[in-house]
Amino acid sequence: LLEACKRCTELREADLRTVSHLDNDALMHVAKHCSKLSRLRIHDMMSMGSKITSVGLIHLTRICSNLIFLDISYTVCSDKALEYIGNLPDLRSLHMQGCSRIK
């Protein structure tokens, strides 16, 4: 995934739901190299070893400001991360199934 991102700087859509061991560092790497993303799915399937938290989500929203669709289902998303996500100017669709830490 990390090497592929370096070659996909014009990528607009990504579905990372089946990427095993996806964590904050990998998500930050995706954001850094694929900052033009407009649609992103990053279900955090703990059974596959994924570990995405608010740290990664906040970093993502700071860099990928063109997001119109974001699926962060089953991530460890906090209210603070939601504030950043809510500031995405073009966001039209947000999926958060299983985000149990939201108040």
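Note that the numbering runs from 1 along the sequence shown for the chain.
- Annotation: side chain of Ile85 is in contact with side chain of Leu70 (closest heavy-atom distance under 4.5 Å).
- Under the rule for a ring pair (Phe, Tyr, Trp, His ring centres under 6.0 Å), Tyr84 has no partner lying at least two apart in sequence or in another chain.
- Tested against Thr75 for a side-chain contact (heavy atoms from CB on, under 4.5 Å), the candidates Ser78, Cys77, Ser73 yield a single pass: Cys77.
- The two atoms that bring Cys34 and Cys8 nearest to each other are SG-O, 3.6 Å, heavy atoms only.
- Under the 4.5 Å side-chain heavy-atom criterion for grouping Ile, Leu, Val, Met, Phe, Trp and Tyr, Val19 is connected to Leu11 within one hydrophobic cluster.
- How far CD1 of Ile72 is from CG of Leu40: 10.0 Å, rounded to the nearest 0.5 Å.
- Taking 4.5 Å as the limit, every side-chain heavy atom of Ile63 sits out of range of all side-chain heavy atoms of Leu60.
- Not a single salt bridge (charged side-chain N to carboxylate O under 4.0 Å, His left out) links Glu83 to another residue, sequence neighbours left out.
- Using a 4.5 Å heavy-atom cutoff, the side chains of Leu57 and Leu27 are in contact.
- Contact of the Asn66 side chain with the Leu37 side chain is not registered, since no non-hydrogen atoms from C-beta on lie closer than 4.5 Å.
- For the atom pair His29 NE2 and Lys6 NZ, the distance stands at 5.0 Å (nearest 0.5 Å).
- Closest non-hydrogen pair, Tyr74 versus Cys99, comes out as N-SG, 3.9 Å.
- You'll find the side chain of Thr61 stays beyond 4.5 Å of the side chain of Asn87, heavy atoms only.
- Arg41 and Asp71 are joined by a salt bridge, as a carboxylate oxygen and a charged side-chain nitrogen come within less than 4.0 angstrom of each other.
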>> The test is side chain to side chain contact (heavy atoms under 4.5 Å, CB included); show your working for Arg39 and Arg12 and say whether it passes.
In response: CA-CA 6 Å; Arg39 300 178 60 83; Arg12 305 277 188 215; over 6 Å; no
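- The two residues Ser65 and Pro89 come nearest to each other via the heavy atoms O-CD, 3.7 Å.
- The side-chain heavy atoms of Ile52 and Ile42, taken from C-beta on, include a pair separated by under 4.5 Å.
- Leu67 contributes atom CG, which lies 10.5 Å from atom OG of Ser35 (distance to the nearest 0.5 angstrom).
- Both Val30 and Leu88 sit in one connected hydrophobic cluster of ILVMFWY residues. Membership requires side-chain heavy atoms under 4.5 Å apart, directly or through other members.
- Checking His95 against Ser93 by side-chain atom types alone, a donor-acceptor pair falls below 3.5 Å.
- Here the side chains of Ile58 and Lys80 are in contact, with some heavy-atom distance below 4.5 Å.
- Leu82 and Val55 are members of different hydrophobic clusters when ILVMFWY side chains are connected at heavy-atom separations under 4.5 Å.
- For Arg62, the salt bridge (charged side-chain N to carboxylate O under 4.0 Å, His left out) test picks out no residue, with sequence neighbours left out.
- Looking only at atom types and distance, the side chain of Thr53 has a donor-acceptor partner in the side chain of Asn24 under 3.5 Å away.
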